[in-house]
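Beneath this line is the structure, given in structure tokens, with notes to follow.
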Amino acid sequence: LEARVNGIEAGSFSETTTLSGKVEMLLAAKDSQLDSSKNAVGDALMLNYHYEIDLNTSFTGDDKLNIELAAGNQAASSVGAFTDPLGESSEDLHMEDVNYTFPVGEWTLSVGDSMDASKNWPNACSYGNVVDNLGDCGAANSVDLGGDISFSAGRDFDNGWSLGLGVSANEGSTSDGMFTKEGDDYYGIALGYEADAYGVTVAYSMKEDRSSASGSTQAVDNASAGNDKTYWGATAYWTPGDFTISGGLEFMSPELSTDKDSTQWTVGISTDLGEGEISAGVGTNGAIDENAEEVMAYEIKYSYPLNDSVTIDTFGYVAENTGTTQDDSGVGLLTTFKF
């Protein structure tokens with residue numbers, strides 16, 4: 001009997017595979033914009049959740065195959081959609097991420113589906129934002145380059161410097177294919193330096209945009225069919241004492257002259273308060289076109305660890321909108337369980 005039980009256990013789960021997960025529960029309310037009939041959109045107290053399972057397997061001891069499953073009920077009109085701490089709108093458990101990381105000499109390489117091209121890049125932003133538009137210290141298109149079917153490479157040098165390279169076929173899982181004229185591809189590079197009390201990262205990326213081509217091969221052959229965008233960004237942090245200041249800046253230049261250059265930035269500060277951490281930030285509410293009215297977002301958050309596995313975040317924010325449109329504001333209580 002014991003031999004049979006051992007045989008079942010040996011074949012049921014790999015000894016090199018580990019499972020971890022988390023559940024996020026967000027109770028929040030917001031005061032948002034008015035629609036064309038002057039009715040509030042999304043003014044409600046809502047409860048949304050996010051469930052995630054990570055399976056990690058190593059075959060050599062230095063590599064990692066990562067499988068991520070996720071589900072959630074985030075609504076488009078919820079605080080969760082505006083702040084994006086959850087990110088899943090389907091309650092059906094589905095494959096969210098598949099990637100494989102392995103070393104080649106001094107480099108760490110990753111390839112996968114639904115993986116950011118910046119997976120192995122340096123990023124000197126140490127500020128945890130609330131409003132989604134303040135994410136990655138305002139440099140989310142350059143320092144934190146996203147993507148779909150991606151390749152990412154990174155190397156840490158012994159003198160504090162680090163380098164990252166990445167490329168992504170953002171339409172790689174659709175009929176447009178990988179690295180075709182019809183698909184949108186991303187390319188980027190990042191350079192970082194980190195010392196004991198500060199760090200800085202600069203990055204360049206280029207994002208193709210063929211949406212105006214409307215799927216026509218003839219239109220794609222025309223250079224004016226797409227509107228590729230070039231991004232330059234930088235993030236940095238400084239810890240002079242008991243607090244940390246983080247910030248970032250990003251510039252975007254479009255290929256077409258009919259579009260405008262844009263800029264966005266974020267500055268945040270965080271420090272310990274009791275057993276937890278309090279942080280506050282300010283920045284542009286997304287990218288601001290050249291000579292356009294600047295709209296801002298303001299936020300504050302307190303994170304309190306109940307224990308090693310449970311953390312409670314309380315937060316509030318105000319995000320301005322252009323013209324006479326009513327500003328967005330909200331408060332929330334996010335509880336995160338890790339296992």
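Index from 1, following the sequence.
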Keeping [X] on the side-chain end and [Y] on the backbone end, is there a donor-acceptor pair under 3.5 Å?
{"X": "Ser142", "Y": "Tyr231", "value": "no"}
{"X": "Ser78", "Y": "Gln74", "value": "no"}
{"X": "Asn120", "Y": "Ser152", "value": "yes"}
{"X": "Asn227", "Y": "Glu255", "value": "yes"}
{"X": "Tyr127", "Y": "Gly281", "value": "yes"}
{"X": "Asp228", "Y": "Asp209", "value": "yes"}
{"X": "Thr16", "Y": "Ser58", "value": "yes"}

Near [X] [atom1], under 6.0 Å, is it more than 12 heavy atoms from other residues, nucleotides or ligands?
{"X": "Asn159", "atom1": "CG", "answer": "yes"}
{"X": "Asn307", "atom1": "CG", "answer": "yes"}
{"X": "Asp242", "atom1": "CG", "answer": "no"}
{"X": "Glu275", "atom1": "CD", "answer": "no"}

Can you name the closest pair of heavy atoms from [X] and [Y] and give their distance?
{"X": "Leu163", "Y": "Pro122", "value": "C-CD, 4.2 Å"}
{"X": "Thr235", "Y": "Ala124", "value": "OG1-N, 3.2 Å"}
{"X": "Gly286", "Y": "Gln264", "value": "O-CB, 3.5 Å"}
{"X": "Glu320", "Y": "Asp327", "value": "CA-OD1, 3.3 Å"}
{"X": "Gly147", "Y": "Ser168", "value": "CA-OG, 3.1 Å"}
{"X": "Lys260", "Y": "Glu290", "value": "CD-O, 3.9 Å"}

One pair to check against side chain to side chain donor-acceptor pair (under 3.5 Å): Tyr51 and Glu91. What are the steps and the verdict? CA-CA 9 Å; Tyr51 178 64; Glu91 295 191 90; over 6 Å; no
Please tell me if the side chains of [X] and [Y] come closer than 4.5 Å, counting only heavy atoms from C-beta onward.
{"X": "Glu208", "Y": "Tyr187", "result": "yes"}
{"X": "Asn73", "Y": "Leu47", "result": "no"}
{"X": "Ile288", "Y": "Ser262", "result": "no"}
{"X": "Asn141", "Y": "Lys207", "result": "yes"}

Please say yes or no: joined through hydrophobic side-chain contacts below 4.5 Å, possibly via intermediate residues, are [X] and [Y] part of one cluster?
{"X": "Ile312", "Y": "Val23", "answer": "yes"}
{"X": "Met178", "Y": "Leu145", "answer": "no"}
{"X": "Leu55", "Y": "Leu65", "answer": "yes"}
{"X": "Val318", "Y": "Phe315", "answer": "no"}

Exactly one of Asp97, Asn99, Ile149 clears side chain to side chain contact (heavy atoms under 4.5 Å, CB included) with Ser114, and that residue is Asp97
From CA spacing to verdict: side chain to side chain contact (heavy atoms under 4.5 Å, CB included), Val167, Phe179: CA-CA 10 Å; Val167 58; Phe179 309 116; 3.5 Å; yes
Look at the aromatic rings of Tyr317 and Phe82 and report parallel, tilted or perpendicular, splitting at 30° and 60°.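 Because their plane-to-plane angle is under 30°, the rings of Tyr317 and Phe82 count as parallel.
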Mind checking whether Phe337 and Phe339 have ring centres under 6.0 Å apart?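 No - the distance between ring centres of Phe337 and Phe339 does not fall below the 6.0 Å cut-off.
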